[in-house]
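Written below as structure tokens is the structure these notes are about.
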Amino acid sequence: MEAPQYIAARVQSALAEDERTTELGVRVDVRGDQLYLRGQVTAAERSDLIAQVAAESAPGLVVHNEIDVVDVRDPVKEEKL
């Protein structure tokens with residue numbers, strides 16, 4: 001079996017290079033046959049796409065999508081300093 005750090009690097013590379021995701025901010029951790037995705041994104045659809053690309057890049061591993069979806073809004077008023 002391939003070393004966990006090589007699998008994680010392959011998945012991170014796929015997340016960065018795949019045009020569906022182009023994601024650099026997701027951490028990938030592999031433990032045995034389990035793959036964990038952690039980080040933050042701004043939409044649930046994006047989180048789902050990241051999990052899909054990860055699963056395609058590491059067939060045979062169980063993907064745990066622990067990515068948080070954060071609400072990012074435009075400021076409602078100007079901040080005074």
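Computed over heavy atoms, backbone and side chain alike; hydrogens, waters and symmetry mates excluded. Bear in mind the structure is a predicted one, so any value in this text is a computation, not a measurement.
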Open item on the list: Holding to side chain to side chain donor-acceptor pair (under 3.5 Å), I want the full list of residues that pass it with S57, two or more places apart in sequence or in another chain.
Closed with: none

TODO: Report the residues that fulfil side chain to side chain donor-acceptor pair (under 3.5 Å) with R38, sequence neighbours left out, ordered by chain and then residue number.
DONE: E66

Task: Derivation of the side chain to side chain contact (heavy atoms under 4.5 Å, CB included) call for L35 and D29 - done: CA-CA 6 Å; L35 185 143; D29 185 26; over 6 Å; no

- [ ] With sequence neighbours excluded, give me every salt bridge (Lys or Arg N to Asp or Glu O under 4.0 Å) pair touching residues 40-52.
- [x] E23-R46

TODO: Scan residues 12-33 for pairs that pass ring-ring contact (aromatic ring centres under 6.0 Å, His included), counting only residues two or more places apart or in two chains.
DONE: none

- [ ] Using the side chain to side chain contact (heavy atoms under 4.5 Å, CB included) rule, take I50 and V41 through it: C-alpha gap first, then chi angles, then the decisive distance, then the call.
- [x] CA-CA 10 Å; I50 290 168; V41 295; 3.7 Å; yes

Open item on the list: Tell me the closest heavy-atom pair linking L61 and G32, and the distance in Å.
Closed with: CD2-O, 4.0 Å

Task: All side chain to side chain donor-acceptor pair (under 3.5 Å) counterparts of D68, not counting sequence neighbours - done: none

- [ ] Kindly compute the distance separating CG (L15) from CZ (R20), expressed to the nearest 0.5 Å.
- [x] 10.0 Å

Open item on the list: Looking at every non-hydrogen atom in both residues, tell me the closest pair between V11 and A54 and how far apart they are.
Closed with: CG1-CB, 3.8 Å

Open item on the list: Hydrophobic cluster membership, with links at side-chain heavy-atom distances under 4.5 Å among I/L/V/M/F/W/Y: are V69 and I67 in one?
Closed with: yes

- [ ] Please round to the nearest 0.5 Å and tell me the distance separating atom CZ of R27 and atom CD of Q40.
- [x] 8.5 Å

Open item on the list: Determine whether a donor-acceptor pair (N or O, by modelled atom type, separation under 3.5 Å) exists between the side chain of D33 and the backbone of G60.
Closed with: no

TODO: Share the residues that join Y36 in a hydrophobic cluster, the rule being Ile, Leu, Val, Met, Phe, Trp or Tyr side chains under 4.5 Å apart at the heavy-atom level.
DONE: none

Task: ILVMFWY clustering at 4.5 Å (side-chain atoms), partners of L24 - done: none

Task: Atom pair CD (Q52) and CG (D18), whose distance is rounded to the nearest 0.5 Å - done: 8.5 Å

TODO: List for me each residue that meets side chain to side chain contact (heavy atoms under 4.5 Å, CB included) alongside A55, sequence neighbours excluded, and say none if there are none.
DONE: V63

Open item on the list: Tell me the closest heavy-atom pair linking A58 and I7, and the distance in Å.
Closed with: CB-CG2, 4.1 Å

Task: With sequence neighbours excluded, residues passing side chain to side chain donor-acceptor pair (under 3.5 Å) with S13 - done: E17

Task: Spatial distance of atom OG1 (T22) from atom CG (L49) [nearest 0.5 Å] - done: 10.5 Å

